[in-house]
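Encoded as structure tokens, the structure appears first; notes follow it.
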Amino acid sequence: MYLNIAKAAMSLVFRKARPVRDHIKKHFGGSPDKYPIVRISFPHYRQACLSVALSKFAKGEGRRRKTIGIANYDSSLSINDLVHPDRCAQQLDGPVHFTDITLGNDRAITVASQALYLIWNKGARLAVFFREVDDYNEQVHVEVMARKQSEAQEFVADLKSLMDAHSIYRGKVIVMKNQRHGSTKVNIKAVPNVQRSEVILPEETLTQIDKHTSLFSRHRELLISHKQHLKRGLLLYGPPGTGKTHTIMHIISSMPARTTVLLNGGNIGLLEDACALARSLQPSTIVIDDVDLIAEERSRGASNSILFELLNEMDGVAEDSDVLFLLSTNRPEVLEPALASRPGRVDQAILIPLPNEDCRRRLFKHYSAGIPVGSINLQSHVEATNGVTSSFIREMFRRAILIAAEEGNDVPLTDRHLDDALGAMNSGGSLLTKLRTYKEQEAVV
């Protein structure tokens with residue numbers, strides 16, 4: 001037995017390379033010189049989705065696939081070059097070329113970067129050639145040859161559907177980034193699982209948020225059956241530090257089956273790509289943090305092409321598409337009215353307020369959980385912090401813990417530590433952390 005295995009291995013090593021054209025010709029049972037070819041391109045970040053889709057297609061009933069590698073990797077090759085050796089040097093079969101795609105969170109996937117697939121699709125025969133193209137936009141080109149153009153077109157339609165249905169990004173939180181050389185990179189991001197009980201807001205505010213987010217998701221099929229549109233826009237606004245980002249993390253956590261695309265600052269120019277991906281992978285959410293940076297009112301003299309792109313994208317989403325635009329801002333007063341005051345774009349604007357007395361009490365209990373606490377007059381601290389943000393209270397606890405730590409290990413937190421921390425933050429050392437209301441902060445800034 002071992003001798004037979006050795007012979008088989010040696011035969012592979014010394015096997016004479018065959019022209020790729022011969023494989024294609026044998027597959028079709030004749031010369032493929034005049035067969036139609038359908039071409040399609042995908043962004044480089046969808047290469048792994050393409051690889052998964054090709055595998056899924058080949059596993060369908062009545063189908064099988066044979067993979068042919070090309071001896072020499074050439075990003076300029078086309079299927080015509082393989083079929084017509086007079087166009088360039090004759091291509092010989094060889095190993096399949098692979099590449100690693102980084103997904104983020106220390107994850108990567110290995111996929112073919114150039115290969116020829118010979119596919120038997122029931123009665124049809126297909127030759128599918130794809131390759132990475134190291135051009136400015138980093139595309140993946142796919143060429144499909146068939147006896148009939150309709151067979152190739154049907155395959156391409158099936159391939160697109162499978163890429164969306166089995167996308168590696170489906171149901172994930174993703175961040176799109178501009179690379180320095182102009183290409184786009186997509187990373188899967190791990191976000192904290194924030195439960196409703198961890199969002200310290202007035203109950204009526206949380207209920208409003210639930211109605212416009214998770215409630216839609218729970219009753220998606222009912223809304224569709226009654227011909228009600230699913231696309232929607234939600235704007236969270238309020239002072240800095242009140243917990244808008246934390247609330248967004250809760251919204252994402254409350255709808256775990258959705259694909260979420262995060263956009264901010266440096267990657268906002270990828271809005272068109274982000275919206276296209278979100279439409280493909282719906283139900284989905286597009287999060288745009290600090291939307292005022294791109295959506296300032298036009299009467300203020302701002303002329304921003306990205307604002308027009310955002311308005312067009314929000315209008316262009318089909319009514320039966322389950323796409324949520326989730327926006328946040330510290331400056332609602334500067335937003336373009338065509339965005340913020342028009343149903344169908346932003347349907348609901350919800351204030352994330354400064355914490356009231358009940359919320360401040362809950363915040364103190366939240367931040368004191370799990371740390372040694374001595375005698376504390378909770379009510380006095382709740383009253384002393386009237387008008388501050390939740391992030392102010394968090395920083396106050398951090399400083400109090402450091403003050404206690406300076407006195408020795410495991411010194412319990414007391415009123416004195418909290419008072420000292422509050423006094424330091426209200427001192428003249430930092431105008432932005434000094435205790436004052438949001439409007440007073442605006443006046444300082």
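Numbers for residues simply follow the sequence, beginning at 1.
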Got a donor-acceptor contact below 3.5 angstrom from the Q282 side chain to the D322 backbone? yes
Taking C-beta and beyond as the side chain, do D33 and V83 meet within less than 4.5 Å on heavy atoms? yes
Does the pair L77 and F129 meet the rule for a side-chain contact (heavy atoms from CB on, under 4.5 Å), with working shown? CA-CA 9 Å; L77 273 181; F129 178 61; 4.0 Å; yes
Give the C-alpha distance, both sets of side-chain angles, the deciding distance and a yes or no for side-chain contact (heavy atoms from CB on, under 4.5 Å) between V144 and L126. CA-CA 7 Å; V144 184; L126 303 163; 4.1 Å; yes
Partner residues of E383 under the side-chain hydrogen bond (donor to acceptor under 3.5 Å, both in side chains) criterion, sequence neighbours left out: Q379
Neighbour count above 12 (heavy atom, 6.0 Å) for R63 CZ: yes
Where do L378 and R361 come nearest, in terms of heavy atoms and distance? CD2-CG, 3.7 Å
Looking only at atom types and distance, does a side-chain atom of R360 sit under 3.5 Å from a main-chain N or O of V382, one as donor and one as acceptor? yes
Could you list the residues that satisfy side chain to side chain contact (heavy atoms under 4.5 Å, CB included) with Q348, not counting sequence neighbours? Q208, H212, L234, I350
Of all residues at least two apart in sequence or in a different chain, which pass the side-chain hydrogen bond (donor to acceptor under 3.5 Å, both in side chains) check with E154? none
Carboxylate-amine/guanidinium contact D93 R21, below 4.0 Å: no
Can you list every ring pair (Phe, Tyr, Trp, His ring centres under 6.0 Å) pair that touches residues 247-267, not counting sequence neighbours? none
For N356 and P202, which heavy atoms make the closest approach, and how far apart are they? ND2-CG, 4.0 Å
Taking all atoms of both residues into account, what is the closest heavy-atom pair of A421 and A400, and its distance? CB-N, 3.7 Å
With rounding to the nearest 0.5 angstrom, report the OG1 to CD1 distance, T213 to I252. 11.0 Å
Under 3.5 Å donor-acceptor, R125 side chain and H27 backbone: yes
Which is it for R218 and L215 under the side-chain contact (heavy atoms from CB on, under 4.5 Å) test, yes or no, and what are the steps along the way? CA-CA 5 Å; R218 288 198 299 272; L215 186 65; 3.4 Å; yes
For L354 and V388: C-alpha separation, side-chain torsions, deciding distance, then whether side-chain contact (heavy atoms from CB on, under 4.5 Å) applies. CA-CA 7 Å; L354 293 167; V388 305; over 6 Å; no
Do R345 and L310 come close enough that some side-chain heavy atom pair is under 4.5 Å? no
Okay, side chain of N312, backbone of F308: is any donor-acceptor separation there less than 3.5 Å? yes
List for me each residue that meets ring pair (Phe, Tyr, Trp, His ring centres under 6.0 Å) alongside H366, sequence neighbours excluded, and say none if there are none. none
dist L92:CG -> I68:CD1 (nearest 0.5 Å) comes out at 12.5 Å
Nearest-0.5 Å distance, OG1 of residue T259 to CG of residue L281: 4.5 Å
K244 side chain near T242 side chain, heavy-atom distance below 4.5 Å: yes
For atom CG of N72, is the number of surrounding heavy atoms from other residues, nucleotides or ligands below 6.0 Å larger than 12? no
How long is the span from the CZ atom in R131 to the NE2 atom in H141, to the nearest 0.5 Å? 5.5 Å
Any I393 side-chain heavy atom under 4.5 Å of S390 side chain: no
My understanding is that only residues two or more places apart in sequence, or in another chain, count here; which of them pass side chain to side chain contact (heavy atoms under 4.5 Å, CB included) with K148? S150, E151
So which heavy atom on E143 is nearest to which on S78, and how close? OE1-CA, 3.3 Å
T99 and Q47, any side-chain heavy atoms less than 4.5 Å apart: yes
I need the R64 CZ to I119 CD1 distance, nearest 0.5 Å. 11.5 Å
Would you call D164-R46 a salt bridge at under 4.0 Å N-O? yes
T329: side chain to side chain contact (heavy atoms under 4.5 Å, CB included) partners, not counting sequence neighbours: L235, Y237, V291, D292, R331, P332, L335
V323 to A278 - nearest heavy-atom pair and separation: CG2-O, 4.4 Å
Taking the side chain as everything from C-beta on, heavy atoms only, tell me whether V261 gets closer than 4.5 Å to S284. no
Within the distance-only criterion (no hydrogens, no angle test), does the side chain of T260 pair as donor or acceptor with the backbone N or O of V173 below 3.5 angstrom? no
Is S280 close to S167 at the side-chain level, that is, under 4.5 Å between some pair of heavy atoms? no
With a 3.5 Å cut-off and sequence neighbours excluded, list the donor-acceptor pairs that the side chains of residues 107-117 form with protein atoms.
unit_1 : atom_1 : unit_2 : atom_2 : d
T110   : OG1    : D100   : OD1    : 2.6
S113   : OG     : H97    : O      : 3.2
Q114   : OE1    : D74    : N      : 3.4

For L324 and M255, which heavy atoms make the closest approach, and how far apart are they? CD2-CE, 4.0 Å
Fit a plane to each ring of F397 and Y367, take the angle between them on a 0 to 90° scale, and name the class: parallel (under 30°), tilted (30 to 60°) or perpendicular (over 60°). tilted
Just how far is it from atom CD of E395 to atom CG of L422, taken to the nearest 0.5 Å? 12.0 Å
Residues that S161 engages under side-chain hydrogen bond (donor to acceptor under 3.5 Å, both in side chains), provided they are two or more places apart: none
Is any side-chain heavy atom of L293 closer than 4.5 Å to a side-chain heavy atom of I268? no
Residues that F155 engages under ring pair (Phe, Tyr, Trp, His ring centres under 6.0 Å), provided they are two or more places apart: F57
List in chain and number order the residues that pass side chain to side chain contact (heavy atoms under 4.5 Å, CB included) with Q195, two or more places apart in sequence or in another chain; answer none if no residue qualifies. N193, S197, E198
List the residues meeting side-chain hydrogen bond (donor to acceptor under 3.5 Å, both in side chains) with D210, not counting sequence neighbours, and say none if there are none. R196
